[in-house]
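Okay, handing you the structure first.
Start at 1 and go down the list; that is how both ligands and their atoms are numbered.
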Amino acid sequence: MKQLTEQLAQAVVRPRQRNTYKGSFGKILIVGGNAQFGGAAIMSASAAVYAGAGLVSVATDPVNRSALHARLPEAMILDAASSALETAIRQATVIVVGPGLGTDNAALAILKRVFAAVEQTQVLIIDGSAITLVAAHHLDYPNAQLIWTPHQVEWQRLSGLALPDQTVTASQQAARRIPGIVVAKSSQTHVFVGDDVYENMAGGPAMATGGSGDTLTGIIAAFAGQFQPLKQAVLAAVFVHSHVADIVAMNSYVALPTMVIQELPAYLKQLSES
Ligand SMILES: NC(=O)C1=CN([C@@H]2O[C@H](COP(=O)(O)OP(=O)(O)OC[C@H]3O[C@@H](n4cnc5c(N)ncnc54)[C@H](OP(=O)(O)O)[C@@H]3O)[C@@H](O)[C@H]2O)[C@@H](O)CC1
Ligand SMILES: Nc1ncnc2c1ncn2[C@@H]1O[C@H](COP(=O)(O)OP(=O)(O)O)[C@@H](O)[C@H]1O
Ligand SMILES: [Mg+2]
């Protein structure tokens with residue numbers, strides 16, 4: 001088993017080239033945020049913007065429009081239930097589906113449309129409610145570059161492994177049956193990619209707040225849109241999320257998602273110059 005380190009993140013997050021524009025740094029689409037969980041989509045989108053994504057759009061319940069624009073004017077917005085969803089998917093390089101999506105029939109319909117429209121070359125990050133829906137409805141895995149970000153109960157739903165049975169070996173075997181990269185989140189997150197297992201020693205209980213996982217999806221999306229290869233981008237994103245939370249936690253009892261998001265640009269600058 002390998003460790004996620006700052007050196008690994010340094011190798012990924014490099015200074016920006018001069019001859020670039022917003023399209024050079026990823027076109028991210030976040031699909032999530034129903035009427036109850038709008039904050040999840042806002043935190044995911046905010047994390048993506050603050051982690052350097054060039055363009056970020058959010059397909060969500062229209063009830064979230066004012067809140068999203070007030071918090072994050074950098075993001076564009078569309079109604080996830082409208083036909084604009086397919087257009088936005090076509091234009092995206094990286095798609096996140098699930099943060100605050102919910103698990104009702106409307107959410108299932110949106111998820112099915114995402115799975116039908118996504119293409120093989122696109123990165124699709126499947127999180128939260130979307131994982132629960134895939135497991136509950138036995139949905140076929142879409143043909144794209146998949147990244148799964150389950151917490152322990154979502155991993156139980158997806159893998160069939162009860163929490164006490166989620167050993168590294170058992171989770172690795174289960175992850176092998178699922179296409180793509182699996183980021184199995186916990187107080188000691190493991191990333192399963194091909195035959196490799198990476199352990200994340202960064203992070204701590206100051207992160208135990210609703211929205212921490214939603215924030216991680218935005219950072220992974222931003223890194224997938226900016227850095228290659230995809231595997232290194234994902235590993236660096238998982239480390240950076242937890243390490244920035246550790247920095248926040250040096251002076252704060254809790255590392256709230258919004259605090260971690262605020263701290264991202266300064267840490268990425270430091271990382272890129274080291
Ligand atoms: N501000 C917003 O809009 C927010 C919106 N959010 C969105 O809400 C949606 C649902 O996501 P979810 O994670 O809250 O619900 P679910 O998948 O049912 O899992 C919870 C169940 O599992 C149990 N449990 C046991 N161990 C656990 C563990 N290690 N980690 C986690 N859970 C553990 C736990 O047990 P309990 O703690 O109640 O004893 C409970 O029974 C999703 O789309 C997400 O993005 C959230 O991000 C919050 C902020
Ligand atoms: N005690 C802890 N130690 C380290 N990391 C933690 C701890 N508690 C939560 N986290 C991290 O916070 C995130 C929680 O994700 P998740 O449960 O999906 O949150 P949400 O859905 O509320 O956004 C994961 O990245 C997890 O590793
Ligand atoms: Mg979550």
Would L146 and I181 count as a side-chain contact (heavy atoms from CB on, under 4.5 Å) here? Give the steps. CA-CA 6 Å; L146 302 182; I181 299 173; over 6 Å; no
Sorted by chain and number, the residues that approach ligand 2 to under 4.0 Å with a heavy atom: H151, K185, S186, S187, T189, G203, G204, P205, M207, A208, G210, G211, S212, G213, D214, H241
Between D214 and S44, is any side-chain donor less than 3.5 angstrom from a side-chain acceptor? no
May I ask you to decide if I89's main-chain N or O and Q122's side chain share a donor-acceptor pair within less than 3.5 Å? yes
Taking the basic N atoms (NZ, or NE/NH1/NH2) and the acidic carboxylate oxygens, is any pair closer than 4.0 Å for R90 and E86? no
Using only atom types and a distance under 3.5 Å, with no angle test, would you say the side chain of Q166 pairs donor to acceptor with the backbone of V153? no
Value rounded to 0.5 Å, distance of CZ in R16 from CD in Q226: 5.0 Å
So which residues, sorted by chain and number, lie with a heavy atom under 4.0 Å of ligand 1? F37, G39, A40, M43, G98, P99, G100, L101, S129, H151, Q152, V153, E154, R157, G210, G211, D214
So that I know where these two stand, are Y198 and H190 an aromatic pair - ring centroids less than 6.0 Å apart? no
Ring centroid separation W148 to F192 under 6.0 Å: no
Presence of salt bridge, R65 and D79, under 4.0 angstrom: no
